Amino acid sequence: MSQVTRGMFMLGSPALRRLRAPSSISVRNLAAIGSQRKTAVPSISKMSPMAVASSSGFQKAMKTTLSSLGIDKATGITKPTTIYRNLPYPEVFKHEEQNKEGEVTKNGTYCVSTGQFTGRSPKDKYFVKQAPSDKKLDWGKINKGVAPEVYKNIYDKAVKHYNTNVDKMYVFDGYCGTSPKSRKNVRIITELAWQHHFAKNMFIRPETEEEVANFVPDFTIINACKIVNEDYKELGLNSEVAVVFNVEESKAVITGSWYGGEMKKGIFSMMNYWLPLDGVMSMHCSANKGKDGDTALFFGLSGTGKTTLSADPARYLIGDDEHGWDEDGIFNFEGGCYAKTVNLSRENEPEIYDAIKRDALLENVVIKKNGEPDYADVSRTENTRVSYPIYHIDNYEPSGMGDHPKSIVFLTCDAFGVLPPVSRLSPGQAMYHFLSGYTAKVAGTERGVTEPTPNFSAGFGAAFLTLHPTVYADLLQEKLDKHGTQCFLINTGWTGGGYGVGKRMSIKATRACVDAVLDGSINKTKFTKEPVFGFEVPQELPNVPSKVLNPRDAWSDKGSYDATRTKLADMFKNNFTKFVKPGMTDYTAYGPE
């Protein structure tokens, strides 16, 4: 989230701290209290046996063998003599220190550098082009194909590296998805303790010895980050980095990049492949639930306020980034959060700031001589990050699940100053804006950006969609129709003019819009139809000036507003042409006239 966004979306935290569950409550009782669902689920909790390794069984399970896990036969990795599996947090910390993989901050948080790559490398992500997945994957710039022999070349190098150069390796076995019906078992193999730490933070940790003993992976990632593909040109690759997924073999191999997010988003990409084919919606969104159990989803690209607006002191956080929607309701994919830390302070984002403590993991943050993190120092990267288990947030929802959503909010930061602060969408319009995934970049956010630039990302997460975007839109449409979920478009961007002329929406007005959506009071007001985009705009709303509700009224130059609105509408229409394909649902009619 940008510094501007942090300045706008400041939340107090006393209410959050009052919601912390007392440590004397058992894990399973806490899950039962926090969730209205009757199905037993793996609770996301700091008190799980796997987290504290309190029994002798788990102590023995810390050190294991390749053959007992079936890794030798499944992967070809046979030589590492010491295998550490699902290490408790204190043991992970010891390994990170012994291996000298980073440094410790003043409050005990471990901090690592990911080297040259401080973010994902999307141009180096590939899928093996083979049947039957080649008929389902949406091939193009996002999902690039490689021949099976290219994958074998890279995979064999990774296996050889583990068999030749690695004496000890780390295995994390856990879940992606809190829903027992829809979750997947994931195995992450690494040679670095901090990458084991990252996987432990981000995925869902098993609770019982029985779960661990009977664990069979649905998908395995082999992280061979130290491998550099010097023959990449001969292999037809983009660079020396390669992140390759083999759907049929249920494996992926990471080479050349140390960045932790490759593991997280790699599994997310696979969930976006598996789940929709089973009729389960996968989504790049945050989710929370009210005290009465009403669930809300927040879709939005970076800088729109998705993370902050979903962190509501009066509501429980289900998750901040990746979710599924199955026949039982909403469920988090993850057991932790992965937040940006640039310019972070307790004043502007107290929940994230206070979550950075022992067991959290900082990436690429500069540490001062006194041991304090310097979140303002971007000399390594502006994409400084922290991962932490979700229970570091005071008002997390222990079950990681919620009922079918009552409301869905699409967040946009419109730097052109055209869109209203809140609009009610019809189901068809919801699909149009879901596929558009619109926000805008402003001057200063990226090198070379000197004026507002539209940024369209299908599903608000195009980089991770493995199937054609309309597959997700059709599935979302079915969910909306079945459960009567309402959708709204909320603009956290500019009013009274575009960037440089108008001003940013006030947090008070944005919060008022969100609150009116969540409590349903917005449906009691009168609406007018926006003449170009066609959605409904409320005529009045508490704590939102009427001239702000109608953006044209906020502009002093009405002719300039009309011209800018037409310009933005044309951008939407031009972008949407790529979704019109034979055999795919065409939602063009629900866009701007």
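Keep in mind it's a predicted model, so treat the numbers as computed, not measured.
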Distance-only polar pair, side chains of [X] and [Y], donor-acceptor under 3.5 Å:
X      : Y      : value
Tyr89  : Asn201 : yes
Thr466 : Asn272 : no
Ser310 : Asn288 : no

| query | For the ring pair Phe198 and Phe172, is the centre-to-centre distance below 6.0 Å? | reply |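 No, the ring of Phe198 stays outside the 6.0 Å limit from the ring of Phe172, centre to centre.
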Quick one: side-chain contact (heavy atoms from CB on, under 4.5 Å) partners of [X], sequence neighbours excluded?
X      : value
Ala74  : none
Ala224 : Ala158, Tyr162, Ile227, Thr255
Asp138 : Asn143, His468, Pro469, Lys581

| message | Restricting to non-hydrogen atoms, name the atom on Ser457 and the atom on Gly461 that form the minimum distance, rounded to 0.1 Å. | response |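 Shortest heavy-atom contact: OG-N, 3.5 Å.
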Between [X] and [Y] (side chain of the first, backbone of the second, donor and acceptor by atom type, cut-off under 3.5 Å), is there such a pair?
X      : Y      : value
Tyr472 : Leu467 : yes
Asn163 : Thr78  : yes
Asn332 : Leu317 : no
His323 : Met283 : no
Thr208 : Glu211 : yes

| request: Give me the one residue out of Asp173, Thr64, Thr65 that meets side chain to side chain donor-acceptor pair (under 3.5 Å) with Arg85. | output: Asp173
| request: Just jot down the salt bridge (charged side-chain N to carboxylate O under 4.0 Å, His left out) partners of Asp156, sequence neighbours excluded, or say none. | output: Lys152
| task | Identify the residue among Phe333, Phe460, Phe268 that makes a ring-ring contact (aromatic ring centres under 6.0 Å, His included) with His284. | result | Phe268
| Residue list, side chain to side chain donor-acceptor pair (under 3.5 Å) with Asp359, at least two apart or on another chain |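 Asp359 satisfies side chain to side chain donor-acceptor pair (under 3.5 Å) with no residue once adjacent residues are dropped.
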| field | Lys/Arg N to Asp/Glu carboxylate O, Arg380 vs Asp374, below 4.0 Å | value |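 The answer is no: the pair does not qualify as a salt bridge.
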| Neighbour count above 12 (heavy atom, 6.0 Å) for Glu234 CD | no
| query | How about Gln116: does its CD atom have over 12 heavy atoms from other parts shown lying under 6.0 Å from it? | reply | no
| said: For Tyr170, give me all partners under ring-ring contact (aromatic ring centres under 6.0 Å, His included), at least two apart in sequence or on another chain. | reply: Tyr84, His95, His196
